[in-house]
**Q** 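Take this structure first; my questions come after.
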Amino acid sequence: MSVRKPNELPKRGNTLLQTALFKQVSPEEADQLIPYLDSRILDKGDFVFREGDEDQRMYLLDYGRVKLTRRSADSRVQLLSIHGRGEVLGEIPVFDPKGGPRTASAVVMTNHTHVVSLEHRALFDWLDEHPRVAVDMLQVLANRMRRNNEHISDLVFMDVPARLAKTLISLGQRFGEPMEAGLMVPHDLTQEEMAQLVGASRETVNKALMDFANRGWISRKGRSIIIFEPGMLIRRSRR
């Protein structure tokens with residue numbers, strides 16, 4: 001892990017402006033928070049925060065990829081979600097500082113991942129001066145709740161191939177790299193993690209992946225998937 005000087009930001013500009021929570025904020029307003037941002041460069045396997053931590057920081061992902069995991073009482077690890085550039089992590093302790101310790105760990109998936117963090121008090125002091133921004137933040141958090149509800153519904157009403165197809169499309173939209181043959185999706189997941197993301201057993205997910213490959217919709221290459229027929233995956237996700 002490498003650490004920048006306190007409050008040092010990359011030359012690309014204010015990280016806040018790349019996140020959904022601050023998309024309606026002017027550069028001048030966002031710059032007021034720069035002195036309160038802590039910036040870190042992390043490598044694969046590093047923790048952004050750990051399950052059980054009791055800090056009240058919100059983390060903003062400027063570059064790289066992070067996965068949220070949770071550990072069971074018998075030490076099994078469950079993959080909950082994957083996050084990329086411009087996304088916010090661990091915001092619950094900021095908006096609900098009395099909500100208890102963190103319920104998941106954030107683990108870095110790619111080297112040179114850049115995250116910045118912001119304390120609860122600094123954010124709320126700033127919101128006192130810009131109260132209208134709170135409405136935009138509520139809308140973003142409401143959309144996240146909507147996605148969580150949709151995910152729960154998918155687990156109940158969709159079969160595994162449909163959930164897998166929807167997951168591959170989502171990964172492609174967020175992390176895909178166009179190539180001549182199709183869309184390269186470097187998911188960096190083990191077979192077990194892919195199954196956890198879909199919410200099924202590894203054997204069932206592998207069977208569905210083989211079926212998609214046999215149909216010519218995808219091919220597998222290490223920890224990447226090449227999508228040849230996104231339309232067919234979309235159609236399968238809606239069955």
Side-chain angles (χ1 to χ4, degrees), residues 1-69 80-145 147 173-175 188:
M1 178 188 76
S2 55
V3 181
R4 289 181 182 270
K5 296 178 181 179
N7 307 323
E8 182 185 0
L9 292 175
K11 295 181 180 180
R12 286 192 296 271
N14 194 329
T15 304
L16 296 173
L17 298 176
Q18 300 170 14
T19 66
L21 281 180
F22 294 87
K23 65 180 180 180
Q24 302 298 332
V25 176
S26 70
E28 293 74 20
E29 291 171 332
D31 286 349
Q32 295 172 11
L33 284 171
I34 287 181
Y36 305 100
L37 297 178
D38 179 52
S39 178
R40 289 189 292 164
I41 302 294
L42 304 172
D43 289 328
K44 184 175 182 178
D46 289 340
F47 284 83
V48 180
F49 54 80
R50 294 176 183 268
E51 184 176 350
D53 287 352
E54 296 189 356
D55 65 289
Q56 296 178 4
R57 286 180 173 270
M58 176 174 68
Y59 293 85
L60 314 171
L61 185 51
D62 178 46
Y63 177 81
R65 204 173 306 169
V66 171
K67 59 185 178 183
L68 290 184
T69 66
L80 302 177
S81 56
I82 298 175
H83 299 268
R85 185 182 185 193
E87 297 190 50
V88 176
L89 302 170
E91 72 278 8
I92 292 178
V94 173
F95 293 100
D96 182 18
K98 296 182 180 179
R102 295 190 181 276
T103 58
S105 297
V107 186
V108 175
M109 300 179 67
T110 55
N111 288 330
H112 309 301
T113 289
H114 176 229
V115 296
V116 298
S117 59
L118 180 65
E119 286 278 3
H120 159 85
R121 178 47 54 195
L123 175 61
F124 274 68
D125 286 346
W126 181 79
L127 286 175
D128 285 341
E129 299 181 12
H130 308 284
R132 64 173 180 79
V133 180
V135 176
D136 297 327
M137 292 185 173
L138 285 174
Q139 292 175 344
V140 172
L141 295 176
N143 285 334
R144 180 167 293 188
M145 291 180 62
R147 290 196 300 271
Q173 291 172 338
R174 298 167 66 199
F175 307 119
D188 298 315

**Q** Taking side chain to side chain contact (heavy atoms under 4.5 Å, CB included) as the test, write out the residues that go with Ala30, two or more places apart.
**A**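 Per chain and number, Ala30 pairs via side chain to side chain contact (heavy atoms under 4.5 Å, CB included) with Asn14, Leu16, Leu17, Val25.
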
**Q** Of all the heavy-atom pairs spanning Thr113 and Thr110, show the shortest one and how long it is.
**A**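 Looking at all heavy atoms of both residues, the shortest contact is OG1-O, 2.7 Å.
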
**Q** Restricting to non-hydrogen atoms, name the atom on Val66 and the atom on Ala106 that form the minimum distance, rounded to 0.1 Å.
**A**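 Closest approach of Val66 to Ala106, heavy atoms only: CG1-CB, 3.7 Å.
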
**Q** Only counting residues at least two apart or in another chain, list the ones meeting ring pair (Phe, Tyr, Trp, His ring centres under 6.0 Å) with Phe175.
**A**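 Not a single residue meets the ring pair (Phe, Tyr, Trp, His ring centres under 6.0 Å) criterion with Phe175.
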
**Q** Ignoring hydrogens and angles, tell me if any N or O in the side chain of Asp43 forms a donor-acceptor pair with the backbone of His112 under 3.5 Å.
**A**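 Yes: the side chain of Asp43 pairs with the backbone of His112.
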
**Q** Looking at residues at least two apart in the chain, or sitting in another chain, which of them share a side chain to side chain donor-acceptor pair (under 3.5 Å) with Asn111?
**A**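 Asn111 satisfies side chain to side chain donor-acceptor pair (under 3.5 Å) with no residue once adjacent residues are dropped.
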
**Q** Going by the rule side chain to side chain donor-acceptor pair (under 3.5 Å), which residues pair with Thr103 if we only count those two or more places apart in sequence or in a different chain?
**A**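 Side chain to side chain donor-acceptor pair (under 3.5 Å) check on Thr103 returns nothing, list empty.
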
**Q** Could you pull out all residues at least two apart from Arg50 that satisfy side chain to side chain donor-acceptor pair (under 3.5 Å)?
**A**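 Arg50: no side chain to side chain donor-acceptor pair (under 3.5 Å) contacts found.
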
**Q** May I have all residue pairs that pass salt bridge (charged side-chain N to carboxylate O under 4.0 Å, His left out) and include part of residues 129-138, sequence neighbours excluded?
**A**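 As it turns out, the salt bridge (charged side-chain N to carboxylate O under 4.0 Å, His left out) pairs with a partner in residues 129-138, which skip direct neighbours, are Glu29-Arg132.
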
**Q** Go through the structure and list residues passing salt bridge (charged side-chain N to carboxylate O under 4.0 Å, His left out) with Arg174, not counting sequence neighbours.
**A**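 Listed in chain order: Glu87.
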
**Q** Hey, what do you get for CG (Asp31) to CG (Leu37), rounding to the nearest 0.5 Å?
**A**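 Asp31 atom CG to Leu37 atom CG measures 10.0 Å (nearest 0.5 Å).
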
**Q** Looking only at non-hydrogen atoms, find the nearest pair between Gly52 and Pro101 and report the distance.
**A**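 That closest heavy-atom pairing would be O-CB, 3.4 Å.
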
**Q** If I take atom CG from residue Asp62 and atom CD1 from residue Ile41, how far apart are they, to the nearest 0.5 angstrom?
**A**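 Rounded to the nearest 0.5 Å, the CG-CD1 separation comes to 8.0 Å.
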
**Q** Listing request: all salt bridge (charged side-chain N to carboxylate O under 4.0 Å, His left out) pairs with a residue in residues 107-121, at least two apart in sequence or in separate chains.
**A**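 Those involving residues 107-121 are Arg57-Glu119, Arg121-Asp125.
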
**Q** I need the Leu42 CG to Tyr63 OH distance, nearest 0.5 Å.
**A**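 Atom-to-atom, Leu42:CG and Tyr63:OH are 13.5 Å apart.
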
**Q** Can you name the closest pair of heavy atoms from Arg65 and Leu61 and give their distance?
**A**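 That would be CA-CD2, 4.3 Å.
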
**Q** Roughly how far, to the nearest 0.5 Å, is CG of Leu138 from CG of Leu21?
**A**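 One finds 10.0 Å between CG of Leu21 and CG of Leu138.
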
**Q** With sequence neighbours left out, what residues match Arg147 under salt bridge (charged side-chain N to carboxylate O under 4.0 Å, His left out)?
**A**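 Once residues adjacent in sequence are excluded, Arg147 has no partner under the salt bridge (charged side-chain N to carboxylate O under 4.0 Å, His left out) criterion.
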
**Q** Looking only at heavy atoms, which two atoms of Val94 and Gln56 are closest? And how far apart?
**A**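 For Val94 and Gln56, the tightest heavy-atom pair comes out as CG2-O, 3.6 Å.
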
**Q** How far apart are the closest heavy atoms of Phe47 and Ser105, and which atoms are they?
**A**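 For Phe47 versus Ser105, the nearest heavy atoms are CE2-CB, 3.9 Å.
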
**Q** Taking atom CG of Leu89 and atom OG of Ser117, what is their separation to the nearest 0.5 Å?
**A**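 If we round to the nearest 0.5 Å, Leu89:CG and Ser117:OG are 11.0 Å apart.
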
